[in-house]
Amino acid sequence: MSHQTATAEPETYTVVSEVNDHGAATLRGENGSTYHVTSYENPALRTFLEECRTTDRVRLEMERAGVRANVWHVTGLYPGADSDAPVQIR
C-alpha cells in the first residue's frame, strides 16, 4: 500500500466521530477539512484514539491510505493539543 504524507509536521485535529467497532473515526482539521481515519501504524495509536471523545483535540501525523479519497492512516501522536496529552507515540 502506498502512502502520501498529509503534512510535513503533526497537526491538531478535533474528534468529530469517535472510533467505531471497525476502528474508523472522523477528525476535523483546524482548516475545516474532514479526515476519515481507517488504519493505524500500531495498536497504541488506535487505543489512544479509542479513548478520545467527540470534541477532544489531538495532535497527529497522518498519511493518505492508498488511493481512496479522504481515507487516512495515523502514523504518529504528539503532545501539545491538550494539557493532558500523552508523550509521543510512533
* **salt bridge (Lys or Arg N to Asp or Glu O under 4.0 Å) between Glu18 and Arg53, worked out** => CA-CA 6 Å; Glu18 297 170 16; Arg53 299 295 166 241; 3.4 Å; yes
* To do: Grab the two heavy atoms, one from Leu27 and one from Val16, that are nearest each other, plus how far apart they are.
  => C-CG2, 4.1 Å
* To do: Mind checking the CH2-CZ spacing from Trp72 to Arg64? Nearest 0.5 Å is all I need.
  => 4.0 Å
* **Contact check, side chains of Val37 and Tyr13, non-hydrogen atoms, under 4.5 Å** => no
* Asked: Can you tell me how far OG1 of Thr38 sits from NE2 of His36, rounded to the nearest 0.5 angstrom?
  -> 10.0 Å
* Asked: What distance separates Glu11 CD from Glu61 CD, expressed to the nearest 0.5 Å?
  -> 10.0 Å
* **Approximate separation, where rounding is to 0.5 Å, of Asn70 CG and Thr26 OG1** => 8.5 Å
* Asked: Does the side chain of Val58 reach to within under 4.5 Å of the side chain of Thr12, using non-hydrogen atoms?
  -> no
* To do: Side-chain contact test, heavy atoms from C-beta onward, threshold under 4.5 Å: evaluate it for Thr55 versus Val15 and give yes or no.
  => no
* Structure fact -> When rounded to the nearest 0.5 Å, the distance separating CG of Leu60 from CG of Leu45 is 8.0 Å
* To do: Compare every heavy atom of Asn20 with every heavy atom of His22, then report the nearest pair and how far apart it is.
  => N-OD1, 2.8 Å
* To do: For salt bridge (Lys or Arg N to Asp or Glu O under 4.0 Å), just list the numbers for Glu51 and Arg46, CA-CA rounded to whole Å, side-chain angles, deciding distance to a tenth of an Å, and then say yes or no.
  => CA-CA 9 Å; Glu51 294 173 359; Arg46 178 176 172 163; over 6 Å; no
* Structure fact -> What one should report as the nearest heavy-atom pair of Gly23 and Tyr40 is O-OH, 2.6 Å
* Asked: Do Met62 and Tyr35 come close enough that some side-chain heavy atom pair is under 4.5 Å?
  -> yes
* Point-to-point distance, once rounded to the nearest 0.5 Å, from OG1 of Thr14 to CG of Asp56 -> 9.0 Å
* **Within 6.0 Å of CG in Asn31, more than 12 heavy atoms from elsewhere** => yes
* **ILVMFWY network linking Phe48 to Val74, side-chain heavy atoms under 4.5 angstrom** => yes
